[in-house]
Asker: 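Take this structure, written in structure tokens, and hold onto it; I'll ask about it next.
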Amino acid sequence: MTAVAIDDFVHKLATVSGEAILPFFRTSLGVEDKSRGKAFDPVTEADRAAEQVMRSLIRETFPGHGIIGEEFGNVATDAPYVWALDPIDGTKSFIAGLPAWGTLIGLLKEGDPVYGLMHQPFIKERFYGDGASARYRGPAGERALAVRDCKGVEEAILFTTSPRLMNADDRAAFAKVEDKARLSRYGGDCYVYCMLAAGLVDLVIETELKDHDIVALIPIIEGAGGIVTTWDGGAPAKGGRVVAAGSRAVHAQALEILNG
């Protein structure tokens with residue numbers, strides 16, 4: 001596959017998934033809890049419809065590719081190319097009618113994230129990158145994405161989806177970073193990672209991520225000049241505890257505090 005072929009195909013996936021999702025947004029859609037007695041973990045028909053249409057298009061166009069999907073499991077994950085799909089990242093915001101959600105489409109080559117796109121079809125925004133560059137396309141036009149050179153955690157805008165999603169030890173470690181940050185806010189899911197790539201947020205700290213939650217975001221953040229790793233500085237593509245930062249200085253300081 002050429003770079004142009006990948007780009008065109010991923011944008012096609014974004015378009016068809018958005019067409020599947022939008023008829024359900026801000027309607028009285030049914031919500032299923034797939035938590036099995038744990039913390040509320042909603043899924044909707046919009047999630048399933050979007051993932052099905054993306055899977056069908058991938059199978060039709062690239063039958064030899066693998067798929068990692070949130071709603072319908074994984075297929076051929078040992079293939080050279082594997083797609084990571086999260087049809088609605090931020091389902092809790094989605095069912096509440098808030099636009100802080102998006103469709104994540106990522107591509108792995110030999111296990112490494114090489115392309116990612118976040119699509120917010122209601123706002124009509126797309127953030128995408130290949131690790132070397134990243135771009136925005138939406139109502140504000142089209143432009144390159146670039147992170148902000150924040151000098152330290154004390155000057156940083158920090159986000160996490162919710163500290164309540166963390167275990168007690170991780171929550172305590174996060175609180176140490178939060179105490180030092182200039183501003184701390186909660187919520188946003190995938191959207192805040194794109195705001196980091198756009199230079200508006202400086203630091204995102206999460207735990208308990210799945211691979212489909214983060215694969216698409218890695219090439220966007222890195223393409224905009226940022227850095228994303230696990231809490232111990234490792235590769236983040238499998239999820240878990242993740243730290244994303246716009247500057248190396250903020251990232252290094254955050255890891256030191258989290259692991260202190």
Asker: Where is the tightest heavy-atom contact between A134 and A224, given as atom of each residue plus distance?
Answerer: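 For A134 versus A224, the nearest heavy atoms are CB-N, 3.7 Å.
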Asker: Taking T61 for its side chain and I58 for its backbone only, find out whether a donor-acceptor pair lies under 3.5 Å.
Answerer: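 No, the answer is negative, given that no donor and acceptor are paired below the 3.5 Å cut-off.
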Asker: Any idea which heavy atoms bring I220 and A197 closest together, and the distance?
Answerer: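 In terms of heavy atoms, the two residues are closest at CG2-CB, 3.9 Å.
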Asker: Would you sort out whether L104 and H212 count as a side-chain contact (heavy atoms from CB on, under 4.5 Å), showing the intermediate values?
Answerer: CA-CA 8 Å; L104 294 177; H212 54 72; over 6 Å; no
Asker: Under a 3.5 Å distance rule, please check whether N167 uses its side chain to pair with a backbone N or O of D170 as donor and acceptor.
Answerer: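 At least one qualifying donor-acceptor pair exists.
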Asker: Ignoring hydrogens and geometry beyond distance, is a side-chain donor-acceptor pair present between R171 and T160 at under 3.5 Å?
Answerer: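 On atom types as modelled, these side chains do not qualify, holding no pair under 3.5 Å.
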Asker: Looking at every heavy atom in both N74 and R55, which two are closest together, and how far apart are they?
Answerer: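 Minimum heavy-atom contact is N-NH2, 4.5 Å.
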Asker: Could you check whether any side-chain N or O of S56 sits under 3.5 Å from a backbone N or O of V53, counting only pairs where one atom can act as donor and the other as acceptor?
Answerer: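 A pair under 3.5 Å: no.
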Asker: I'd like to know if the side chain of T44 pairs up with that of D47 as donor and acceptor (distance under 3.5 Å, no hydrogens or angles considered).
Answerer: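 Per modelled atom types, T44 and D47 side chains form a pair under 3.5 Å.
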Asker: Measure across A173 and W231 and return the closest heavy-atom pair with its distance rounded to 0.1 Å.
Answerer: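 Taking every non-hydrogen atom into account, CB-CZ3, 4.0 Å.
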Asker: Once you round to the nearest 0.5 Å, how far does CG of L255 lie from CD1 of I227?
Answerer: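 If we round to the nearest 0.5 Å, L255:CG and I227:CD1 are 7.5 Å apart.
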Asker: What about H119 and Y128, are their ring centers closer than 6.0 Å?
Answerer: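 Between H119 and Y128, the centre distance exceeds or equals 6.0 Å.
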Asker: For R26, look at atom CZ and say whether over 12 heavy atoms of other residues, nucleotides or ligands are found less than 6.0 Å away.
Answerer: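 Above 12, so yes.
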Asker: If you define the side chain from C-beta out and look only at heavy atoms, does anything of F159 sit under 4.5 Å from L203?
Answerer: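 No, too far: nothing below the 4.5 Å cut-off.
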Asker: Is the distance from the ring center of F122 to that of W101 below 6.0 Å?
Answerer: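 No, the ring centres sit 6.0 Å or more apart.
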Asker: Report yes or no: is the cationic atom of R143 (NZ for Lys, CZ for Arg) closer than 6.0 Å to the six-membered ring centre of Y136, at no more than 45° off its axis?
Answerer: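 So R143 does make the cation-pi contact.
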Asker: How many angstroms lie between atom OH of Y193 and atom CD1 of I218, to the nearest 0.5 angstrom?
Answerer: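 It comes to 9.5 Å.
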Asker: Can you give me the closest heavy-atom contact between I67 and V82, atom names plus distance?
Answerer: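 Answer, listing the atom of I67 first, then V82: N-CG1, 4.0 Å.
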Asker: Which heavy-atom pair separates Q253 from V153 by the least distance, and what is that distance?
Answerer: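 Here Q253 and V153 meet closest at OE1-N, 2.9 Å.
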Asker: Could you go through the side-chain contact (heavy atoms from CB on, under 4.5 Å) check for Y191 and Q120 one step at a time?
Answerer: CA-CA 9 Å; Y191 208 89; Q120 214 306 328; 4.0 Å; yes
Asker: To the nearest 0.5 angstrom, please state how far the OG1 atom of T103 sits from the CD atom of E51.
Answerer: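 So the OG1 of T103 and the CD of E51 are separated by 10.5 Å.
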Asker: At what distance, to the nearest 0.5 angstrom, does CG of L57 lie from CZ of F9?
Answerer: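 That separation rounds to 4.0 Å.
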Asker: Measuring from atom OG of S247 to atom CG of D149, what distance do you get when rounded to the nearest 0.5 angstrom?
Answerer: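 Answer for the OG-CG pair, S247 versus D149, is 6.0 Å.
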Asker: Does E256, at its CD atom, have more than 12 non-hydrogen atoms belonging to other residues, nucleotides or ligands within less than 6.0 Å?
Answerer: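 For E256, atom CD is not crowded (no more than 12 foreign heavy atoms under 6.0 Å).
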Asker: Rounded at 0.5 Å granularity, tell me how far CG in D213 sits from NZ in K210.
Answerer: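 Output value for this atom pair is 7.0 Å.
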